[in-house]
Structures are given as C-alpha cells and as structure tokens.
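See below for the structure under consideration.
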Amino acid sequence: MNRLSEIFYKQDAVTVAEKLLGKILVRTFDDGTTLRYRITETEAYLGEEDEACHASKGKTERTKVMYSEGGKVYVYLIYGMYWLLNVVTGEENNPQAVLIRGIENIVGSGKVGRALQMNKSFYGEDLLTSTRIYIENAPETKKVTVAPRVGIDYASPEWRLKNWRFILESDSTKE
DNA sequence: TGCACGATCTCG
DNA sequence: GAGATCGTGCAT
C-alpha cells in the first residue's frame, strides 16, 4: 500500500485536483470486496471567496468538514438522490475541497458516488486512516485537459469560468 | 415549522 | 425536456 500523505492533501485544492488524476481510489466493502479505480476527472472548490464553493455561504453543518485540515472526506446529498464524493484539502480553517467527478469507466459525480456506495456515514472519514476508503499514490500523469466547472451557473463569471476542472485523457499515464 | 433549491442522472 | 427525491439553510 502506498497511501497519499497528509502533506499531499494540505496543498491547495487546485493543485490537489490536478495531481489526483491517475491516482488510485480504493474502496473496500464490509464483505471484503475491494474496488480500485484510477481517478480520471476532478474539480477544485477553493475557499469562501469562491462563489461556486459551498463554503462561500460560511461554516454550516454541511460545510464544516471543509474547515478541517486536508485528508478528510466531504460527502453531501444532491437533488435528494446522489452522494457526491469530495476530498478536503489545504490547511485547517481554509475551506477547500476537490470533487471526484470521474473514475475509470464511470464518468459523472453522481455515478461515482453510486458506484462507490457513498452515504452520509462517510462524512468526515479520514483518508489517512480509513480502511474502507482511501487513495493510493501513482505516477504523475500527462495530457491533462482543463475546463470550466459544471453545474454552477449561479456563480458570477469570475468564478464560473475558472478552469478548475481537470480531465485525464485516456492512455496518458507517464512512462 | 415550512419551503425552495441543488457541484445530477435517466428516460422519453 | 421534465421528473425523481430529500437534507440543508434560511425565512416565517
């Protein structure tokens, strides 16, 4: 096992979002089944100033985990139906997170949450110590495409147009 | 205590 | 193009 370190998660969300591409998301279930997927698409949400970030509304029951130091899981229910998986990044009291939008063969944040059977019990889960979900290191990747984030039309152009969505093209593992 | 809405997906 | 479906946040 080669689990990503606390140092990795303490970087800012934009950096972590790009570096997470190609890393291995590991999910182990109660029956011992383990799923391992390469992360293929992410989005960064950076601080209270970022109008697209849930923390732009300040610290609430839902967003408080983003105020902890990097390495925690932030999950939330969207449209009453899908649990979206995020990774908290940065230092304590600097609310940031990276949304996992896609993993191998599963494109779409809602589908990722469903495939990994996310639920509220994962809120605040520690990726550094958890046995049921964590992320393993993997070689750096190339051919990363950037694009604006999705589903945040409510944000002003300054934030809506930032290229904080990162997509790993297929066959782009370095070496 | 109530109500509007959302970092989505699927079907038609 | 619209419906499914419900916790959260803020107004009442």
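Hydrogens, waters and symmetry mates play no part in the numbers below; they use all other heavy atoms, side chains included. The chains referred to below are lettered A, B, ... by the order of the sequence lines, with proteins before strands, and numbering in each begins at 1.
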Checklist line | Atom-to-atom span, CZ of A/R160 to C1' of B/dG6 - whole angstrom | finding: 17 Å

Check: Is there a side-chain polar atom (N or O) of A/Y154 under 4.0 Å from OP1 or OP2 of B/dA7?
Finding: yes

Check: Taking atom P of B/dA7 as reference, at what distance in whole Å does atom OH of A/Y76 sit?
Finding: 5 Å

Check: Can you find a side chain N or O atom of A/K111 that sits less than 4.0 Å from OP1 or OP2 on B/dA7?
Finding: no

Check: Between A/E51 and A/S56, is any side-chain donor less than 3.5 angstrom from a side-chain acceptor?
Finding: no

Check: Between B/dT8 and A/R114, is there an OP1 or OP2 to side-chain N/O distance shorter than 4.0 Å?
Finding: no

Item checked: Approximate separation, where rounding is to 0.5 Å, of A/E69 CD and A/T89 OG1 -> 11.5 Å

Margin query: Once you apply a heavy-atom cut-off of 4.0 Å, does A/G80 come out as touching a base, just sugar-phosphate, or nothing?
Written below: base

Next item on the list: To the nearest Å, give me how far apart CD1 (A/I78) and P (C/dA4) are.
Entry: 18 Å

Next item on the list: Answer with base, sugar-phosphate or nothing: what part of the nucleic acid does A/R62 contact at a heavy-atom distance below 4.0 Å?
Entry: sugar-phosphate

Margin query: Rounding to an integer number of Å, can you tell me how far A/H54 NE2 sits from C/dG7 P?
Written below: 16 Å

Next item on the list: Whole angstrom is fine here: how far is it from CH2 in A/W83 over to P in B/dG6?
Entry: 18 Å

Margin query: Does A/L84 reach a base, just sugar-phosphate, or nothing at all? Heavy atoms under 4.0 Å.
Written below: sugar-phosphate

Next item on the list: For C/dG3, give its Watson-Crick or G-U wobble partner with both distances under 3.5 Å, or none.
Entry: B/dC9

Note to self: For A/Y67 and A/E48, which I'm curious about, is there any donor-acceptor pair between the side chains at under 3.5 Å?
What the structure shows: yes

Check: Of all the choices, B/dC9, B/dA7, C/dT5, which nucleotide is nearest to the side chain of A/M81 once you look at every atom?
Finding: C/dT5

Next item on the list: For residues A/R27 and A/Y37, determine if any side-chain heavy atom of one lies less than 4.5 Å from a side-chain heavy atom of the other.
Entry: no

Check: Touch check for A/G108, heavy atoms < 4.0 angstrom, all strands: base, sugar-phosphate only, or nothing?
Finding: sugar-phosphate

Check: Does A/Y45 lie flat on the base of B/dA7, that is, centres under 5.5 Å apart and planes under 30° off?
Finding: yes

Note to self: Whole angstroms only, please: what is the OH-C1' distance between A/Y79 and B/dA4?
What the structure shows: 13 Å

Note to self: Any base atoms under 4.0 Å from A/E61, or only sugar-phosphate, or nothing? Heavy atoms, all strands.
What the structure shows: sugar-phosphate

Next item on the list: Can you tell me the distance, in whole Å, between the CG atom of A/L77 and the P atom of B/dC9?
Entry: 13 Å

Item checked: Interatomic distance, A/R149 CZ vs B/dT8 P [rounded to whole Å] -> 12 Å

Notebook entry, point to check: Is the backbone N or O of A/Q96 less than 3.5 Å from a side-chain atom of A/Y74, with the two atoms forming a donor-acceptor pair by type?
Noted result: no

